[in-house]
Structure formats: structure tokens, C-alpha cells
Amino acid sequence: MTIKVCLAGATGWAGSALAKAIHAADDMELVGGVSRTHAGRALGEVLPDVENILILQATAAEALKTPCDVFVEYTQPAVALQNILLALEAGAHVVVGTSGLTDEDYRTINQAATSKGLGVLAAGNFAMTAVLLQKFAEMAARYIPHCEIIDYAGAGKADVPSGTVRELAQRLGRVRKSMLDVPLEAIQGPVETRGARLNETQVHAVRLPGYVLSAEVIFGLPDQKLILRHEAGASAEPYVAGALLAIRKVNSFTGLRRGLDAVMDMQ
Ligand SMILES: NC(=O)c1ccc[n+]([C@@H]2O[C@H](COP(=O)([O-])OP(=O)(O)OC[C@H]3O[C@@H](n4cnc5c(N)ncnc54)[C@H](OP(=O)(O)O)[C@@H]3O)[C@@H](O)[C@H]2O)c1
């Protein structure tokens, strides 16, 4: 059966790589695409190596007038929640690649998806090495009470921390509170230098030219450390296979699931 896909952000850095892969996949058909800049143009005009006559729309609401099985959100946090809710309202399962949504947004999404009997799969990072980082870090947190997360990205990345690190902090928080020998209220000096406490874990964000996207968790025990680090290069290629898997699997459950491993056999 062919999966009909609508892709919001089809001309973006991550979305265009995914658009090409969906176009090339035998079991998928791109029936909708969203981009404000290129609205009214065919996808194939914007992405020259894709022979696709799909006309891009300026909004998700316009694109969703064509029925789809799966809506993929790959735009920006300011419009992501609204797009996702519109897609659920239209009866589509949703794959969320956009980062920067809050826990409150995800509660709203879960409620909407559950009441509609649809699935939403949200992954801050579809790359295999990032998925493994999340799993290995959860495992380490069961044994090591002290850990801190460092989020590295280019100077222009506005959302803080990255979706990858938000998800990582949330997962580690479910395992345990990271231990602080000096409580934050007893810190001498600017408390911000200790990072932000997110889901009961300390998170530090670095934004500098020269970085693309990396996430690191440092676990500390007396006289020993474990450092787990995922590093992505400059292309959007690492995210494509995971996003395709999410599109194929998102109809297999109801409500919100977070992290690609939710649909992978990885226990
Ligand atoms: N989960 C993952 O594995 C993963 C991987 C990479 C990136 N991301 C996340 O995915 C999101 C997109 O990243 P990116 O680097 O691809 O960004 P990007 O290059 O800026 O692309 C954004 C895309 O969304 C469209 N868009 C933006 N705002 C819109 C709006 N208000 N209405 C309609 N279309 C809109 C843009 O087209 P127009 O500007 O022409 O409208 C463009 O096609 C970010 O949140 C990023 O952190 C996640």
C-alpha cells in the first residue's frame, strides 16, 4: 500500500533531503508540500534533481486540503504545534522532526492524537548514532548518579537546547534526578554558569561557528568518567532513513511517542 505523505518544510535543509527520499521510495507518494517562499511552484522546480510536479502551498491548512496518510512537520517551532493539530484534525498521523516544542505542547499533541485515535511520532533527532546515544545514556544513568549534558550547535541556531538534548534530558530525568553535590542554591558565583536544570539534569548549550550539531553526556564517578557523544556532519543525510522509518511506522500506535527507538526493535 502506498503511504500518502504531506511534508511541511519540503524545501528546507532537512525537508528537501527527505522530500527526495520520499519521492524515490516505492511505498510512498508525496501528495502535499509546504513552503512560503516557493508556494505556487512545483517541487521539481525548486529541487532540480527531483522530477516532481507537486505544487507547494504556503500553509499546512492549504496543503492538507489534499488528503494524506502521514503529515511530516519539518518547519520551525513557531508554527509546528498549529500544523500538527491541523493535521490531526484532518485525520493524518504525524511525524514531528521540528525541534523546540515544549513539554506542554507535547501534552496537547498527545491529547489530540489520542482523542482522534491517531499516532504521532516525535523525534528530536532521526540519526542512528543519536538514537543510540539516548539508549546508552539511559543505561548509564541507571548506574551513575552524576551526569551533565552539553549541547553543541552552530552560532545561528536559535532554539536552546536542541531537540536532541531536550529529549535526552527528558529521558534521563525519567531514570533519575542527576545528583548535585553542591545544591544550586548554595552555589557561590553566577548560578547560570552551572547550566539550566532541565528535567532534573544540568544542561549546558554552546552556540559557536564551527559546530554543526553534537550532544554529549558526561557521567562522573570518583576517579573515572564515561563520555558519550553524538556528532553530526553538515549534510542532512543522517536524518533521512530514520524519518522514512517513522513515516512507515507511525500508523502502528495511538497517541504520542517520542524518540525513534519507540518504533525500533531496540530493547
Ligand atoms: N529531528 C531531526 O532529526 C532533525 C534534523 C534536522 C533538523 N531538525 C529540525 O527541523 C526543523 C527544520 O530544520 P531545517 O534546518 O530544515 O530548517 P530550514 O532549512 O529553515 O527549513 C524550514 C522549512 O520550513 C519552511 N517553513 C518555515 N517556516 C514556515 C512557515 N511559517 N510556514 C510554512 N513553511 C515554513 C521553510 O520554507 P519557507 O521559509 O520558504 O517557508 C523551509 O522549507 C528545525 O526545528 C530543526 O531543528 C530536526
Side-chain angles (χ1 to χ4, degrees), residues 6-22 30 32-41 43 45-47 50 54-64 71-87 94-102 105-106 120-134 151-168 170 205 207 211-215 230-247 250 257-264:
C6 176
L7 175 56
T11 60
W13 179 73
S16 57
L18 183 58
K20 286 178 200 168
I22 294 171
L30 208 48
V34 181
S35 161
R36 294 161 304 176
T37 319
H38 301 288
R41 298 178 71 196
L43 183 67
E45 280 177 60
V46 185
L47 309 179
V50 176
L54 172 78
I55 301 297
L56 294 161
Q57 305 292 336
T59 63
E62 280 296 318
L64 284 162
F71 177 87
V72 180
E73 167 49 48
Y74 242 152
T75 63
Q76 52 159 314
V79 288
L81 177 62
Q82 188 193 344
N83 286 353
I84 295 161
L85 295 177
L86 277 173
V94 180
V95 169
V96 185
T98 307
S99 59
L101 287 136
T102 64
D105 292 336
Y106 280 118
V120 177
L121 184 63
N125 198 321
F126 288 116
M128 176 55 78
T129 55
V131 175
L132 290 174
L133 169 74
Q134 312 261 17
D151 168 34
Y152 301 90
K157 186 169 173 61
D159 59 308
V160 179
S162 67
T164 313
V165 162
R166 249 177 221 280
E167 221 167 83
L168 189 53
Q170 200 207 30
R207 294 289 180 266
Y211 284 97
V212 181
L213 205 67
S214 310
H230 151 78
E231 275 198 30
S235 91
E237 212 40 52
Y239 314 108
V240 170
L244 291 178
L245 178 69
I247 292 169
V250 69
R257 293 209 186 160
R258 293 184 68 181
L260 188 65
D261 55 309
V263 293
M264 292 171 80

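Only heavy atoms go into these numbers, but all of them, side chains included; no hydrogens, no water, no symmetry mates. Order of appearance sets the numbers: ligands from 1, and atoms from 1 within every ligand. Because the structure is a prediction, the values reported are computed rather than measured.
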Can you check whether [X] has an N/O within less than 3.5 Å of an N/O in ligand 1?
X	answer
Pro77	no
Tyr239	no
Asp159	no
Thr37	yes

Starting from [atom], locate the nearest protein heavy atom and write down its residue, its atom name and how far away it is, to 0.1 Å.
atom	result
atom 27 (C) of ligand 1	Arg36 NH2, 3.5 Å
atom 13 (O) of ligand 1	Thr75 O, 4.3 Å
atom 7 (C) of ligand 1	Ala14 CB, 3.9 Å

Problem - atom 20 (O) of ligand 1: any protein heavy atom closer than 4.0 Å - result: no

Applying a 4.0 Å heavy-atom criterion (strictly less than), which segment of [X] is in contact with ligand 1: side chain, backbone, both, or neither?
X	result
Ala58	backbone
Val79	side chain
Trp13	both

Exercise for the section: Classify the ring geometry between Phe126 and Tyr74 as parallel (under 30°), tilted (30 to 60°) or perpendicular (over 60°). Expected result: perpendicular

Exercise for the section: Please report the shortest heavy-atom distance between Ser99 and Lys157, naming the atom on each side. Expected result: OG-NZ, 3.8 Å

Problem - Any Ala123 heavy atom less than 4.0 Å to ligand 1 - result: yes

Exercise for the section: Report yes or no: does Gly124 have a heavy atom closer than 4.0 Å to ligand 1? Expected result: yes

Problem - Donor-acceptor pair between Glu73 and Thr75 side chains, under 3.5 angstrom - result: yes

